[in-house]
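Just so you know, these numbers come straight off a predicted model, no measurement behind them. Counting starts at 1 for both ligands and their atoms, following the listed order.
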Amino acid sequence: MIIRNPNIANLKAGYLFPEIARRRREFASAHPSDVRIISLGVGNTTEPILPHICGGLVEGSRRLGTIEGYLGYQDEGLLELREKISEVFYGRKFDADEIFISDGAKCDIGRLQTLFGAGTRVAVQDPSYPVYVDGSVLSGAAGVWENNGYHGVAYLPCTAENGYFPDFSLVPENSLVYFCSPNNPTGVVSTREQLAELVKFALKKGCIVVFDAAYSEFIRDPSLPKSIFEIDGAEQCAIEVQSFSKSAGFTGVRLGWSVVPKALKYADDESVNADWARLAGTVFNGASNIAQTGALAALDSEGLKEMRRLTDFYLENARLIKGALQNLGISSIGGDNSPYIWARFPGRDSWDVFAEILERYRIVTTPGAGFGPSGQSFIRFSAFGRRADVEEACERLKSFKV
Ligand code: PGU
């Protein structure tokens with residue numbers, strides 16, 4: 001018989017979001033009720049794709065039915081889209097061959113670890129998007145679970161005490177550092193000075209930063225950086241993963257990109273970019289060209305306006321949720337330049353608060369402990385939802401007893 005990959009056996013529990021869905025189903029079948037369950041749990045988009053961007057998707061499909069417009073494999077992605085991304089997001093700082101179109105940020109996060117292998121030390125913000133740790137477990141880099149964490153992972157607490165910004169002195173030299181801003185789950189956006197500190201640290205200690213900017217289009221404060229590459233020197237120490245999921249409503253369409261600069265090198269001076277191209281060519285055959293035509297529409301002037309409208313809509317949801325929590329005297333952060341609100345329930349177990357909110361108000365949230373040990377006593381509220389549902393959820397929460 002074939003032996004199970006021990007890395008899979010090492011995964012602590014089921015992936016967080018299916019686990020929440022399971023608890024929701026279990027609750028619903030045990031408590032049949034006329035009161036509908038509202039989800040402010042998983043960050044899944046609910047609004048239709050706006051007309052101009054949707055037109056791009058339709059056009060992409062139409063072209064495939066013509067001899068002039070037909071396209072097959074495109075490997076790293078349509079050249080026009082890679083150039084457009086460089087122009088819109090990076091002021092043309094990168095050549096097209098430094099931008100790799102993907103089928104979403106999560107997929108690239110999962111594939112990226114192949115570049116570094118099982119011997120790599122990994123550091124994550126704590127709390128963080130669970131894929132960074134689970135992906136490290138799958139690659140063998142996280143090691144075994146002991147004392148409430150994987151021994152190969154440096155957990156960097158991001159708490160009220162440190163302004164939700166980690167202490168990098170906890171990161172061993174030559175680590176792969178996952179960093180997310182606007183942050184999932186805390187909703188906190190790092191300042192330019194903070195990202196400069198991250199880059200300085202990474203350059204000094206031989207670290208590579210995987211910077212997850214999936215929520216950058218929710219940033220409204222112009223002083224806040226949307227990309228790690230706004231910081232000098234980042235090309236020598238960072239990879240950026242990005243996504244059209246939340247900004248264009250492409251969660252189901254599937255499209256993102258990664259920037260792997262040519263200036264980024266391993267210890268032996270080999271090129272990370274060349275390896276990523278090799279890897280992409282070997283285990284990934286490119287993203288849907290229909291989705292890429294949709295993305296091109298998203299990045300022209302009309303599309304950019306639509307992305308702004310869509311993200312504005314979810315930010316208004318965030319404002320409503322934040323206001324409702326504030327009225328209850330529950331302290332929270334995030335939600336201003338981010339679609340997530342991170343609410344604090346001092347002294348409480350976050351899975352208990354999750355269960356209470358589900359049982360009493362029939363609202364699904366995400367328990368903070370699911371994002372790492374420092375998420376204990378927090379609940380993440382997602383602003384992705386229909387407006388009427390968000391309003392109804394805020395109404396139901398009015399009777400919440402803290
Ligand atoms: N990066 C971050 C930080 C995310 O929060 C998410 C989605 C992704 C990447 C995924 O981007 P794609 O381009 O769509 O692959 N996080 C959601 C959805 C749950 C999940 O498992 O991805 C969330 O609720 O946290």
Does Glu26 come within less than 4.0 Å of Arg22, counting only side-chain N to carboxylate O? yes
Could you go through residues 196-212 and list every donor-acceptor pair under 3.5 Å that involves a side-chain atom there, pairing it with any protein atom two or more places apart or in another chain?
residue, atom, partner, partner atom, Å
Asp212, OD1, Ala214, N, 3.1
Asp212, OD2, Tyr132, OH, 2.7

Assess, by modelled atom type and distance only, whether the side chains of Ser332 and Gln326 contain a donor and an acceptor separated by less than 3.5 Å. no
Residues that Tyr361 engages under ring-ring contact (aromatic ring centres under 6.0 Å, His included), provided they are two or more places apart: Phe400
What residues come within 4.0 Å of ligand 1, counting heavy atoms only? Tyr15, Phe17, Val42, Gly43, Gly104, Ala105, Lys106, Tyr129, Tyr132, Cys180, Asn184, Asp212, Ala214, Tyr215, Ser243, Ser245, Lys246, Arg254, Tyr340, Arg380
Quick one: closest heavy-atom pair of Asp108 and Trp257, and the distance? OD2-C, 4.4 Å
Within residues 8-57 or reaching into it, pairs that qualify as ring pair (Phe, Tyr, Trp, His ring centres under 6.0 Å) - sequence neighbours excluded: Tyr15-Phe17, Phe27-His31
